[in-house]
Amino acid sequence: MSGFDVVEKEKLPSASSFVCSRCTYPIPLVTHAQAVSVGCPNCGHVLQWQNEQWIGLKNLKQYKYPLTIPIGAKGRIKEVLYQVVGFVLYEETKAPYRWREYVLFNPLHGYAFLSEYDGHWTFFRYLADLPLKETHASSIYYGVEEYKLFHRYSSLVRYAEGEFPWRILESVSKYAEYIAPPYMLVQEVSADEVCWMQGEHIEPEVLREIFSISGPMPERSGVGAIEPFSKEFSFQEVAKVGGIACGVLLVLQVLFLLFNRPGLLSDQSYMVPLPQEEYGPVRLSAISGPGFELNSPTGSSNLELELFAPVYNDWFALGITLINTKTNKVYDLELGTEYYEGYSGGERWHEGSKMNDVDLSAMPNGTYNVILQPYKDRLSRVDTFRLWVREDVPLWSNFWIVLALLAVVPLVQWLRHHSHEKSRWMNSDYSTYTYD
Amino acid sequence: MKRSSIYKLFLAYLALVLSFFVYTSATGTRILGDDKEEFEPNGASTGGSTGYRGSRYYHK
């Protein structure tokens with residue numbers, strides 16, 4: 001086999017083999033001389049290369065674990081063709097947590113790893129551009145990303161199958177995991193070396209396709225350490241686009257305020273007619289109100305009618321009828337004021353206002369005649385009122401409603417994102433979230 | 001970059017909401033409703049009644 005075969009034809013070296021010294025099971029060796037430890041898939045014995053021979057060290061058959069990806073399976077990850085050459089079942093030394101690692105090998109690119117915990121998969125590769133000394137930082141920067149400390153632990157091997165370039169039973173390593181989903185940095189510190197690996201979240205269904213896995217994938221539980229909230233609809237992306245939309249809304253509102261200034265159509269004071277009835281709330285004679293014309297380029301505009309009446313512990317109301325002389329449509333509305341004040345319990349109080357207004361939505365163009373029908377109490381001393389009519393008054397309520405409509409999706413995504421992150425960090429000793 | 005369908009749906013929603021805002025602002029339409037009742041010349045009303053209903057204001 002030539003280098004051309006490896007590089008251009010992507011042929012992997014053919015395996016050599018040796019016989020397990022315990023059960024005589026033929027074990028293939030894809031990594032040849034790089035293999036230092038071997039786990040026999042038949043008897044569960046771990047053998048180690050020392051003194052020019054394979055020495056049986058320990059039998060781990062009692063922890064035998066079914067492999068999701070079989071040894072020897074080939075698949076392309078990040079454009080590199082890997083072959084699965086080993087499987088290790090790890091357990092934390094101080095907690096009963098177990099996870100599984102598949103050792104991947106490519107003769108040009110070396111080793112990589114697939115780690116699975118609670119059905120969440122991470123693809124690891126070695127890094128060579130981080131300082132090779134033990135770190136105790138709570139966060140580190142790599143590239144532009146800040147990686148936060150997620151977990152510190154030591155591990156031991158419960159079961160192994162296949163071939164490994166390190167002495168799997170001898171080395172007790174300490175690990176520090178830093179996360180910036182969907183990425184992770186792991187520092188492994190053993191007695192004789194320090195190394196860094198970068199992991200990236202990988203979906204189970206992607207792995208199933210890569211390695212043509214026909215069996216069931218491990219069931220997913222909870223939120224993975226670097227499982228992204230949503231690749232397709234992330235909170236950051238939604239917040240960015242939603243923020244731009246809110247900016248556009250603000251610009252539109254400013255433009256409408258600049259080019260659609262309110263116009264005063266009428267400002268008149270009126271005398272209140274004398275009562276026609278002797279008792280109770282009285283209806284007075286109708287009086288002719290202002291006349292005005294609407295001529296908006298869009299065919300309609302809003303109207304604001306504002307009333308002032310000198311009420312004092314009293315009320316005053318207007319029935320207002322607008323008649324569009326062009327369409328003969330009639331618009332009725334009510335507008336009133338009331339104001340009360342006094343002393344109660346040694347404190348002065350007041351409520352109501354001498355002014356009030358109404359907004360009329362989308363009034364069609366045309367000439368309008370207005371009829372005013374005043375109402376007041378029989379004993380009321382209100383004898384005058386003032387009425388303003390304005391067009392194209394800024395509708396700030398529209399702005400706030402539309403702003404809320406634009407913000408609702410980012411807000412929902414933020415709540416979901418927050419819940420996702422809280423669940424993620426529930427598995428960490430370094431969480432900043434509080435849990436009930 | 002290929003966008004997901006839900007992302008495109010979100011963009012369409014934003015565009016729809018902004019277009020709605022432009023329409024309401026240009027035509028003077030108040031989203032929250034109206035303070036008037038409208039009557040057709042033949043007597044039909046948008047509010048289901050005809051004529052002035054009387055004052056809401058009564059002294060204490």
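Numbers restart at 1 for each chain; the letters A, B, ... are given by sequence-line order, proteins then strands.
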Query raised in the report: Which bit of A:E391 is near chain B, if near means a heavy-atom gap under 4.5 Å: side chain, backbone, both or neither?
Result: neither

Query raised in the report: Where is the tightest heavy-atom contact between A:T298 and B:A26, given as atom of each residue plus distance?
Result: OG1-O, 2.7 Å

Report task. Tell me, for A:I401 versus chain B, whether the close heavy atoms (under 4.5 Å) come from the side chain, the backbone, both or neither. Result -> side chain

Query raised in the report: Got a sec: does the CG of A:L257 have more than 12 other heavy atoms crowding it under 6.0 Å?
Result: yes

Report task. Please flag which part of A:D359 lies under 4.5 Å from any non-hydrogen atom of chain B: side chain, backbone, both or neither. Result -> both

Query - Under 3.5 Å side-chain donor-acceptor pair for A:Y312 and A:E341 - result: yes

Query raised in the report: In terms of heavy-atom pairs under 4.5 Å with chain B, which of A:N302, A:L395, A:V402, A:N398 leads?
Result: A:N398

Query - A:N313 versus A:Y340, side-chain donor and acceptor atoms under 3.5 Å - result: no

**Report entry** Flag if over 12 foreign heavy atoms under 6.0 Å of CD, A:E293
**Finding:** yes

Query raised in the report: Does a side-chain N-to-carboxylate-O contact under 4.0 Å join A:E200 and A:K78?
Result: yes

Query raised in the report: At a heavy-atom separation under 4.5 Å, does A:F256 approach chain B through its side chain, its backbone, both, or neither?
Result: side chain

**Report entry** Region of A:V393 in contact with chain B, defined by heavy-atom distances below 4.5 Å
**Finding:** neither

Report summary line: Applying a strict 4.5 Å limit to non-hydrogen atoms, the region of A:V311 in contact with chain B is neither

Report summary line: Answer key: most heavy-atom pairs under 4.5 Å with chain A among B:L32, B:T24, B:L18 is B:L18

